[in-house]
Amino acid sequence: MSRDREIEQAYVLAKEQYGRLGVDTDKVIAALAKIPISLHCWQGDDVGGFETVGAVLSGGGIQATGNYPGKATTLDQLRADLDQTLSLIPGTHRLNLHASYLDNGGTFVERDEITPEHFHSWIDWAKANKMGMDFNPTCFSHAKAEDGFTLSHQDQGIRAFWITHCKLSRQIGAEIGKQLGTPCITNVWIPDGYKDIPVDRKAPRERLAAALDEVFAEALDKRHNLDAVEAKLFGIGAESYTVGSHEFYLAYALTRKTLLCIDAGHFHPTEVISDKLSAVMTFLDEILLHVSRPVRWDSDHVVILSDELQAIAQEVVRGDYLDRVHLGLDFFDASINRIGAWVIGTRCMIKALLMALLEPIDRLRAFEQAGDYTARLALTEELKTLPFGAVWDSYCAQQSVPVGMAWLDAVKGYERDVLSKRDRELVSR
Ligand code: RNT
Ligand code: ZN
């Protein structure tokens with residue numbers, strides 16, 4: 001039997017099986033194709049950016065580990081890697097860009113001087129790919145962030161510098177959203193915090209609230225730009241106190257009507273974000289997720305089809321939040337092929353959404369409402385061995401992307417033909 005035929009027949013059988021549970025797999029596939037995932041540019045170069053040639057960004061607890069060969073060191077290379085990645089992922093997605101990935105034409109531009117001009121080549125790239133974009137001010141890996149404080153800094157001048165950077169970032173976000181016809185989510189994350197126990201927890205938080213109010217003072221058209229604020233529990237070097245904690249930003253988002261960004265790695269190790277979605281969504285209009293995989297700490301491992309990833313997708317789907325919860329990825333692994341990392345993580349996110357969409361949710365709810373928890377547990381467990389893979393394969397085939405492991409052949413080929421040559425170029429320079 002040909003592979004195509006095999007995929008088709010497996011799908012027919014799966015469709016029947018899901019159909020018996022009242023789930024229409026064709027409709028599920030159509031719904032899945034409409035869900036964009038925001039792919040983070042920073043997986044491609046270990047959060048390096050292009051402010052200076054060969055920039056290596058770190059700080060604020062952000063740490064990519066590994067030295068897998070072939071890292072993108074130019075804008076063209078990163079875009080080529082993204083093109084390669086996108087060709088291996090079903091659906092139409094978004095690009096999440098950091099301000100440090102600007103196109104400065106080779107001349108250094110300080111962060112308080114960035115303009116939409118510096119992002120036009122990215123906008124053109126997104127247009128060509130029919131993608132939306134999201135944006136982030138880069139408030140780390142900078143001389144003015146070296147002592148661990150940015151927007152909440154006690155020095156008024158340093159605070160003003162970061163306020164300007166964030167204001168400009170919002171304007172760039174608005175231009176991106178306007179050009180691409182879909183709102184850009186501009187997400188503010190800062191590393192501010194203390195390594196050791198502070199005696200004043202209050203003042204930095206009050207300064208941060210005031211600084212953010214300044215950043216968001218200019219009203220921007222919500223059709224172009226949406227603001228988000230990202231909370232965090234701790235970072236390396238900020239273990240004892242983080243100014244922008246969860247409670248701080250939850251309250252900020254609620255009172256200032258911004259989006260809240262919830263990163264899967266930004267809580268205590270046994271805490272999960274899946275349980276938080278319905279809690280915050282009861283009060284907030286929209287949120288942004290940074291889907292990540294913390295291993296013992298905020299390690300930003302490549303997202304896999306873990307129980308928690310499935311739980312996140314289930315909560316988004318069950319809660320009917322697909323229009324209000326924006327899905328972004330946030331991981332960076334430099335120890336494996338970086339394109340492979342993007343592809344695995346993004347495909348897993350989509351797989352988790354597919355599994356969630358394939359749930360016979362009405363039936364499950366009926367069991368729960370009737371107090372039949374035995375049946376609820378029986379069915380949720382039974383669902384795990386239904387032929388989900390056949391539906392996934394069929395979706396990939398329909399979207400003309402590799403089915404199964406075939407994507408890896410493409411990545412290996414690209415590594416051989418493109419990535420390995422980059423390292424030789426670096427050596428011969
Ligand atoms: C850091 C935050 C933040 C960054 C990116 C690069 O802990 O998760 O989202 O990962 O802005
Ligand atoms: Zn994040």
Side-chain angles (χ1 to χ4, degrees), residues 37-51 55-65 78 94-102 111 133-142 145 148-151 162 165-166 169-170 172-173 184-193 227-239 241-246 248-249 253 258-269 271 273 276 287-303 309 312 325-334 338 341-342 345 349:
I37 312 293
S38 198
L39 266 80
H40 52 315
C41 69
W42 53 93
Q43 164 54 48
D45 74 332
D46 318 338
V47 209
F50 301 112
E51 288 181 312
V56 181
L57 293 194
S58 62
I62 294 187
Q63 192 138 9
T65 51
L78 187 65
R94 301 172 66 86
L95 174 71
N96 192 8
L97 199 67
H98 244 282
S100 53
Y101 288 71
L102 81 175
R111 293 196 195 163
M133 273 175 65
D134 299 304
F135 198 65
N136 308 260
T138 309
C139 301
F140 51 87
S141 302
H142 188 278
F149 286 86
T150 61
L151 285 178
W162 292 111
H165 176 60
C166 290
S169 293
R170 291 181 72 230
I172 291 160
C184 170
I185 302 182
T186 301
N187 175 52
V188 177
W189 173 75
I190 58 163
D192 300 26
D227 298 306
V229 287
E230 181 177 2
K232 186 160 172 168
L233 175 67
F234 84 100
I236 293 178
E239 289 86 354
Y241 169 74
T242 292
V243 184
S245 60
H246 182 57
F248 178 92
Y249 278 126
T258 68
L259 276 71
L260 178 71
C261 172
I262 303 181
D263 183 309
H266 288 192
F267 296 88
H268 289 277
E271 217 176 336
I273 69 163
K276 299 181 191 300
I287 62 170
L288 169 66
L289 294 187
H290 270 188
V291 181
S292 192
R293 178 166 57 108
V295 178
R296 304 193 190 282
W297 72 289
D298 181 25
S299 59
D300 290 293
H301 276 65
V302 178
V303 164
L309 185 70
I312 292 169
V325 175
H326 304 270
L327 299 164
L329 300 173
D330 187 4
F331 53 80
F332 28 97
D333 190 337
R338 293 173 184 80
W342 255 326
M349 182 73 249

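Read the numbers this way: they start at 1 and go in the same order the structure lists the ligands and their atoms. In what follows, every heavy atom counts, from backbone to side chain, and hydrogens, waters and symmetry copies are set aside.
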**Student:** Using distance alone, determine whether Asn187 and ligand 1 share an N or O pair under 3.5 Å.
**Tutor:** no
**Student:** Heavy-atom contacts with His290 under 4.0 Å: which atoms of ligand 1 show up? List them by number with element.
**Tutor:** 9 (O)
**Student:** Go through ligand 1 atom by atom and flag the ones less than 4.0 Å from a non-hydrogen atom of His98.
**Tutor:** 5 (C), 6 (C), 11 (O)
**Student:** Side chains of Asn187 and Asn96: closer than 4.5 Å at any heavy-atom pair?
**Tutor:** no
**Student:** Measure from the Zn ion (ligand 2) to every N/O/S atom of Glu230 and report the name of the nearest one.
**Tutor:** OE2
**Student:** Is the Trp189 to His290 ring centre distance short of 6.0 Å?
**Tutor:** no
**Student:** Hey, are Asp46 and Arg338 close enough for a salt bridge, meaning a charged N less than 4.0 Å from a carboxylate O?
**Tutor:** yes
**Student:** Would you mind listing which atoms of ligand 1 come within a distance below 4.0 Å of any non-hydrogen atom of Lys232?
**Tutor:** 1 (C), 7 (O)
**Student:** As an exercise, identify every atom of ligand 1 less than 4.0 angstrom from a heavy atom of Asp298.
**Tutor:** 7 (O)
**Student:** So that I can check it, does any N, O or S atom in His290 come closer than 2.8 Å to the Zn ion (ligand 2)?
**Tutor:** yes
**Student:** If you check every N/O/S atom of Asp330, which is the one nearest the Zn ion (ligand 2)?
**Tutor:** OD2
**Student:** State plainly whether the residues Asp227 and Arg170 are in salt-bridge range, i.e. N to O under 4.0 Å.
**Tutor:** yes
**Student:** Identify which one of His266, Lys276, His246 satisfies the side-chain hydrogen bond (donor to acceptor under 3.5 Å, both in side chains) criterion when paired with Glu271.
**Tutor:** Lys276
**Student:** So, is Glu230 polar-close to ligand 1, with some N/O to N/O distance under 3.5 Å?
**Tutor:** yes
**Student:** Testing the basics here: between Val291 and Phe331, what is the closest heavy-atom pair and its distance to 0.1 Å?
**Tutor:** O-CD2, 4.3 Å
**Student:** Is it the case that the side chains of Asp330 and Ser292 hold a donor-acceptor pair, with the cut-off being a distance below 3.5 Å and no angle test?
**Tutor:** no
**Student:** Grab the two heavy atoms, one from Leu78 and one from Gly44, that are nearest each other, plus how far apart they are.
**Tutor:** CD1-CA, 3.6 Å
**Student:** Determine which of the N, O or S atoms in Asp263 is closest to the Zn ion (ligand 2) and give its atom name.
**Tutor:** OD2
**Student:** Output the list of atoms in ligand 1 that are nearer than 4.0 Å to some heavy atom of His266, sorted by atom number.
**Tutor:** 1 (C), 2 (C), 7 (O), 8 (O)
**Student:** List every atom of ligand 1 that sits less than 4.0 Å from any heavy atom of Asp263, numbering the atoms from 1 in the order shown and giving each element.
**Tutor:** 8 (O)
